[in-house]
Structure formats: structure tokens, C-alpha cells
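Everything on this sheet refers to the single structure shown next.
Just so it is clear, the values below take in all heavy atoms, side chains as well, and ignore hydrogens, waters and symmetry mates.
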Amino acid sequence: MSLPSRRTVLTATSTATIAGAAAFSGSPPAEASRFWHIRPPKDRQESTTPKRDLRAMWIATVENIDWPSAQGLTAAEQRRELLDYLDLAVEQRHNAVILQVRPTADAFWPSSVEPWSAYLTGTQGVDPGWDPLGFAVKAAHQRGLELHAWFNPFRVSQGTDREELAADHPGRQHPEWVVEYGGKLYYNPGLPQVRKLSQRAIMDAVKRYDVDAVHFDDYFYPYPVEGAPEFDDEKAYARYGRGQSLADWRRDNITSFMTGLRRQIQRVRPTTQMGVSPFAIWRNKSTDPEGSDTQAGAETYDDLYADTRKWVRDETLDYVAPQVYWSRGFEVADYEKITTWWADQVRGTHVHLYIGQALYKVGENADVAWDNPEELSTHLDFNREFPRVEGNMYFSAKTVRANPLGAMSIVNEGWYSRPALTPVSPWLDDARGAPRRVGSVWTAREPHHPTLQWNNSRTDATSFVIYRIPGRSVRPSDLADARYIADIVPREGRRQSWIDSNKPGGRVTYVVTPVDRVRREGVGTIAR
């Protein structure tokens with residue numbers, strides 16, 4: 001992928017502002033035929049209140065960690081619980097959710113490849129009576145949230161009883177594809193037909209739904225289990241190894257799976273991102289001088305056979321969100337050292353860096369640092385030293401809701417006081433420029449709060465940023481700071497309105513900017 005061209009930042013064509021209130025009666029007032037526009041600064045934002053900052057929580061479904069809260073709930077109960085989590089994300093001023101939709105080679109949608117997940121009904125293959133992923137995508141987008149669909153590529157079951165698999169499960173029909181290891185069942189990534197099956201299952205969802213990202217966590221080959229026999233892929237290695245070492249062959253299996261899937265996503269839905277949230281240690285420096293200054297017991301390169309650094313350097317990914325699940329100063333794996341290492345890895349690439357945060361450890365861990373409710377907030381404070389850290393993900397949704405020791409409240413008050421856009425990914429749609437502006441925005445009083453009205457017929461935006469700027473004039477730099485963002489709203493149709501529920505004190509100027517599918521922000525229109 002080539003870097004997008006850098007355009008010279010243009011100054012505003014005018015800094016004219018609201019001259020007076022005008023009632024809206026179905027068409028713009030006469031004076032609205034004169035347009036005032038302003039271009040947001042390119043690649044600039046204030047570090048204290050960044051206007052581009054991914055904020056997300058994982059909603060885990062495996063073993064019903066977060067959702068559904070139990071197996072066998074009614075469809076209405078499942079929907080209500082899911083909406084509660086999406087509403088929680090909005091309350092937290094998050095802008096994305098990471099929803100697990102393929103926890104164990106099964107599906108949270110009517111897949112043509114794999115059976116319905118048992119975590120919905122209690123029995124794999126039983127239709128829950130609704131489409132959770134389709135519902136989630138629509139409901140998230142209505143709330144201005146990105147929906148990242150989270151898939152596990154090779155895990156088949158959390159147990160070893162193959163009879164619990166649905167009769168039409170590919171692993172039941174092809175038992176030779178499945179390996180028992182460490183008390184669980186896994187597909188063998190060394191088999192080309194297995195990699196193709198997993199890709200087909202994921203692409204079935206991508207083709208059906210407008211997901212914002214395909215997301216993986218840290219599970220590729222299984223974590224080593226002490227005392228367990230070696231993962232049994234000897235026959236596959238003998239057939240497909242091509243003279244490579246076993247370790248290199250396993251890594252190549254995972255990398256070929258990832259690169260092949262990336263190409264398919266780009267063909268079918270090119271604006272959909274692909275991201276991975278790996279175990280944060282690629283390799284320890286004691287193993288490889290290019291590794292991080294850590295002494296962790298697991299290394300993704302050597303134990304999970306996931307060369308996460310290669311995926312970043314090759315730009316196989318659009319984002320990486322390492323699970324930096326340790327405190328600052330933790331001797332074996334220091335949050336600061338690991339975050340610094342990852343910031344160095346993404347330098348010069350088209351790969352966003354987000355940090356996976358261990359909210360679940362607050363008040364529940366042997367490391368006493370997590371007994372401090374401000375530990376999590378200090379992570380975000382440290383991140384500010386690295387502009388390449390562009391957001392955070394929190395594990396997991398039920399812990400966000402529980403707010404242990406008030407840690408999440410501290411983060412929200414100190415860091416999430418204003419809405420924020422997710423980082424822009426122009427390389428996903430580099431053939432197009434920024435979205436077309438809104439032609440005119442006019443204001444009305446209905447009856448006590450300013451109301452903005454605009455027409456969407458000429459813009460190709462998918463959402464809009466509404467700025468509320470004190471005073472009578474607007475500078476381009478005002479659009480760089482989230483302190484002036486009043487709201488970020490999804491597109492609602494041909495005509496749209498927005499009510500300022502926080503009645504401004506004194507004169508203010510409103511600006512509406514369009515945002516497209518890859519989060520590019522276009523020229524803003526100053527309200528009249």
C-alpha cells in the first residue's frame with residue numbers, strides 16, 4: 001500500500017458565523033443560499049483532548065463471559081441485553097464495540113458454513129429465532145458506534161466431547177481436521193482445507209453485513225499447556241512442510257491464512273478493516289534482540305506461531321491492539337516498555353496502534369498496582385507521549401459496566417469528556433477524496449434549544465461532526481480540538497436535524513462537517 005498524498009491544508013473560505021436565528025419550515029431560509037465553509041486541519045489534533053481516539057470494549061460470548069448472560073434466554077431477552085451494552089458504550093462516550101460472533105467454529109448469524117452457536121440456545125445448531133449479528137450491526141450504527149466482528153479462527157470446542165458438535169458441523173463431518181489438545185478441540189491450521197473453511201466462514205459474515213472490521217484476538221495455534229502432548233500435526237507437516245522447520249511452517253500457515261483473508265475482504269468489502277489484538281509479547285529480548293525488554297513466559301512468535309510484527313510491517317493489518325495487560329513498572333512485563341516497543345513497530349506504516357487494557361484486573365489481581373483505581377488512567381496518560389497510540393480497548397463489557405474501584409469513571413472523567421472520531425484509514429478507499437460537504441446548515445429555536453437542520457441529498461457522508469465554538473468567528477484550528485465537538489451523529493436520511501440539549505451560555509457558532517466510511521472528514525459548513 002502506498003502512502004496517501006499529503007495536501008496542503010487550506011484555510012477557511014470564510015469565518016462568517018450565525019447572523020441570526022431562522023425558523024425552519026421545510027426549506028432553507030432565503031439567506032441560507034449563501035454558504036460559509038471551513039476546512040478542518042489535516043493530520044492535527046490536540047493531545048489533551050484528541051478528536052480522533054478509538055474507544056472500545058470487547059463483548060465476549062465464549063462461555064457467556066459478557067453476552068448473552070446465560071444460554072437459553074429468549075430472543076427478546078438477548079436483544080435487550082445486547083442493546084444495554086451498546087447503550088453503555090454510548091454512555092461511556094465509546095465509539096466502537098468488539099462483538100465476538102464466532103467463538104468456537106460456530107456462528108451468531110445464520111451462517112451458510114457453520115451451525116448456530118450453543119452460547120445462544122444451549123445447543124449448537126439450534127436457531128435462536130433472530131439474527132444477532134445483523135441486529136447488532138444495525139443497532140450499533142444507529143448509535144454512531146463501529147461494529148468490529150470478532151472471530152476465533154481455529155478453536156472448535158472448549159471441551160473434548162465431539163458428540164456435542166452439531167451433526168452438520170464441519171468438524172463432525174471431517175474428524176481428521178480436528179486435533180484434541182489441552183482439554184479442547186482445535187482445527188489443524190496446517191491443513192489448507194481448514195484455512196479455507198475458516199476464511200469461508202468469516203467471509204460469509206463479511207458478505208452479509210456492513211461490519212466495520214474483522215477482528216481477531218490472541219488465539220491462533222493454542223497456548224502451550226504444561227504436561228500436554230505436542231499438538232498433533234505431524235501428518236500435515238509431513239505432507240505440506242516443504243522442507244521448512246516445524247515452527248516456520250506453522251507460522252507460514254497462520255500468515256498465509258491472514259494474508260489470504262485480507263485479500264478477500266478487500267475484494268468484497270474494501271472499506272472493512274482487519275485488526276488483531278495479540279498477546280502483547282512478540283518475543284522477549286532474551287530470545288531475540290529485536291524483541292521487547294520483557295521476561296514473559298509466552299511469546300506469540302514462538303508459542304502461538306503468530307508473527308504479529310510481520311503483519312504490521314507488511315501492512316496485512318489496519319490496526320493492531322496488543323493486550324498490554326500489565327501495570328506500569330511490573331518487572332516481568334512493564335506496561336511502559338511494551339507500549340513503547342509497539343509504538344516503534346507501527347512507525348511509518350499504515351497500521352493503527354490501539355492498546356488492549358486489562359480493566360478486569362482492577363482490584364482483582366495479585367499485582368498490588370491494580371488496587372489503585374487510578375492505575376488504568378495512568379496508562380492513558382503515558383500513551384499521550386506516543387502520538388502513534390491512537391486509542392484503547394477494554395476487557396471486557398461486563399467489567400466496564402461493573403466499574404471496579406471506580407476506575408472506568410476516572411478514565412471517563414479525565415479522558416472521555418468529549419466525543420471523538422475513530423482514526424482515519426484513507427488507504428482503504430484511496431480512489432475517493434473527502435466526503436462532499438453539506439450545502440447549507442440553518443438554525444431554529446424549538447423552542448428553548450438551538451436546532452440545526454440540513455439536507456443530506458448532496459453529501460455522501462455516513463456521519464457528521466457538530467462543533468459548538470464560543471464566539472462569532474471560527475478558525476481552522478478550532479476544528480482540531482474535541483473540546484468543541486458537541487456531538488457526532490450518524491446519517492439519518494435525506495434531511496437531518498440536531499437539537500443542542502446543552503443550552504449554550506452566550507453566543508456560539510455551529511459547524512457541521514461530513515465524515516465518510518473510512519472516517520475522512522470533509523469541509524465544514526458554518527450554520528446560519
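When side chains are defined from C-beta on, Phe216 counts as touching Val214, because their heavy atoms get closer than 4.5 Å. Looking at Leu120 and Gln78, their side chains come closer than 4.5 Å, going by heavy atoms from C-beta outward. A 4.5 Å side-chain heavy-atom check between Tyr85 and Val400 finds every atom pair outside the cut-off. Residues Trp342 and Val320 are in side-chain contact: their nearest non-hydrogen atoms beyond the backbone lie under 4.5 Å apart. Using a 4.5 Å cut-off on side-chain heavy atoms (C-beta onward), Trp116 and Pro110 make contact. Proximity of Asn152 to Val62: side-chain heavy atoms (C-beta onward) are nowhere separated by under 4.5 Å. Within the 4.5 Å cutoff, side-chain heavy atoms of Pro153 are placed close to those of Phe257. Residues Gln323 and Phe395 fail the side-chain proximity criterion, which asks for heavy atoms closer than 4.5 Å.
Between Val101 and Trp109, the closest heavy-atom pair is O-CZ3, 3.4 Å. Heavy atoms only, all atoms of each residue included: Tyr467 and Leu479 are closest at OH-O, 3.5 Å. Minimum interatomic distance between Pro514 and Pro435 (heavy atoms only, all atoms of both residues): O-CG, 3.5 Å. Considering all non-hydrogen atoms of both residues, Asp460 and Arg436 come closest at OD1-N, 2.8 Å. Minimum interatomic distance between Ser277 and Ala321 (heavy atoms only, all atoms of both residues): OG-O, 2.6 Å. Considering every non-hydrogen atom in both Ile38 and Pro476, the closest pair reads CD1-N, 3.7 Å.
Atom CG of Leu421 sits about 5.5 Å away from atom CD1 of Ile485, to the nearest 0.5 Å. A distance of 10.5 Å separates CZ of Arg437 from CZ of Arg39, quoted to the nearest 0.5 Å. To the nearest 0.5 Å, atoms CZ (Arg55) and CZ (Arg93) are separated by 8.0 Å.
No side-chain donor-acceptor contact under 3.5 Å links Tyr416 and Asp53. Side-chain polar atoms of Asn372 and Trp370 form no donor-acceptor pair below 3.5 angstrom. Asn95 and Thr422 share no side-chain donor-acceptor pair at under 3.5 Å. If you check the side chains of Gln273 and Asp212, you find no donor sitting under 3.5 Å from an acceptor. Side-chain atoms of Asp218 and Tyr223 form a donor-acceptor pair, as typed in the model, at a separation below 3.5 Å. Side-chain polar atoms of Asn502 and His449 form no donor-acceptor pair below 3.5 angstrom. The closest side-chain donor-acceptor pair between Ser457 and Asn455 falls under 3.5 angstrom.
Test Trp58, Tyr319, Tyr354 against His148 for ring pair (Phe, Tyr, Trp, His ring centres under 6.0 Å) and you get one pass: Tyr319. With Ser396 as reference, Ile65 is the one residue of Leu359, Ile65, Ile98 to meet the side-chain contact (heavy atoms from CB on, under 4.5 Å) rule. Of the residues Thr104, Asp106, Thr61, the one that meets the side-chain hydrogen bond (donor to acceptor under 3.5 Å, both in side chains) test with Ser117 is Asp106.
For Arg468 and Tyr484, the positive end is not near the middle of the six-membered ring at less than 6.0 Å and at most 45° from its axis. Geometric assessment of Arg309 against the ring of Trp282 yields a positive cation-pi assignment under the 6.0 Å and 45° thresholds. Cation-pi geometry between Arg79 and Trp130 is met: the NZ or CZ atom falls under 6.0 Å from the ring centre, inside 45° of the normal.
The 12-atom threshold is not exceeded at CD of Glu364, counting heavy atoms of other residues, nucleotides or ligands nearer than 6.0 Å.
Salt bridge status for Arg517 with Asp210: present, with a side-chain N to carboxylate O gap under 4.0 Å. Salt bridge annotation for Asp87-Arg80: present, with a cationic side-chain nitrogen under 4.0 angstrom from a carboxylate oxygen. A salt bridge does not link Glu81 to Lys398: none of the charged side-chain nitrogens sits closer than 4.0 Å to a carboxylate oxygen. Ion pair Arg52/Glu390 not flagged as a salt bridge, since none of the NZ, NE, NH1 or NH2 atoms sits closer than 4.0 Å to an Asp/Glu carboxylate oxygen. In this structure, Glu521 pairs ionically with Lys51, as a charged nitrogen and a carboxylate oxygen lie closer than 4.0 Å. Taking the charged nitrogens against the carboxylate oxygens, Arg208 and Asp204 do have a contact shorter than 4.0 Å, which makes a salt bridge.
Taking the six-membered ring where the residue is Trp, the centroids of Trp311 and Phe220 are separated by under 6.0 Å. Checked against a 6.0 Å centroid threshold, the rings of His94 and Trp415 do not count as neighbours. Phe279 has its ring centre less than 6.0 Å from the ring centre of Trp326.
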Check against side-chain contact (heavy atoms from CB on, under 4.5 Å), Tyr510 and Val441: CA-CA 9 Å; Tyr510 294 98; Val441 179; over 6 Å; no
side-chain hydrogen bond (donor to acceptor under 3.5 Å, both in side chains) assessment of Gln357 paired with Tyr335: CA-CA 10 Å; Gln357 300 287 354; Tyr335 179 91; 3.0 Å; yes
From CA spacing to verdict: side-chain contact (heavy atoms from CB on, under 4.5 Å), Glu146, Val97: CA-CA 6 Å; Glu146 291 185 5; Val97 292; over 6 Å; no
Salt bridge (Lys or Arg N to Asp or Glu O under 4.0 Å) assessment of Arg520 paired with Asp429: CA-CA 10 Å; Arg520 267 183 304 234; Asp429 190 18; 3.3 Å; yes
side-chain hydrogen bond (donor to acceptor under 3.5 Å, both in side chains) between His352 and Ser425, worked out: CA-CA 9 Å; His352 299 299; Ser425 304; 2.9 Å; yes
Derivation of the side-chain contact (heavy atoms from CB on, under 4.5 Å) call for Thr300 and Ile281: CA-CA 6 Å; Thr300 59; Ile281 309 301; 6.0 Å; no
Residue pair Asn365, Tyr325: steps toward the side-chain hydrogen bond (donor to acceptor under 3.5 Å, both in side chains) verdict: CA-CA 11 Å; Asn365 195 260; Tyr325 286 176; over 6 Å; no
Criterion salt bridge (Lys or Arg N to Asp or Glu O under 4.0 Å) on Asp318 and Arg262, from CA distance to verdict: CA-CA 10 Å; Asp318 297 296; Arg262 170 72 172 188; 2.3 Å; yes
Stepwise side-chain contact (heavy atoms from CB on, under 4.5 Å) test for Glu63 and Gln158: CA-CA 8 Å; Glu63 298 185 344; Gln158 290 290 84; 3.0 Å; yes
Salt bridge (Lys or Arg N to Asp or Glu O under 4.0 Å) between Glu114 and Arg102, intermediate numbers included: CA-CA 9 Å; Glu114 293 176 318; Arg102 187 187 187 244; 2.6 Å; yes
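Remark: the backbone N or O of Asn403 is not paired with any side-chain donor or acceptor of Ser409 at under 3.5 angstrom. Counting only distance, with no hydrogens or angles, the side chain of Thr123 and the backbone of Val126 share no donor-acceptor pair below 3.5 Å. Arg458 places no side-chain N or O within donor-acceptor distance of the main-chain N or O of Gly439, the cut-off being under 3.5 Å.
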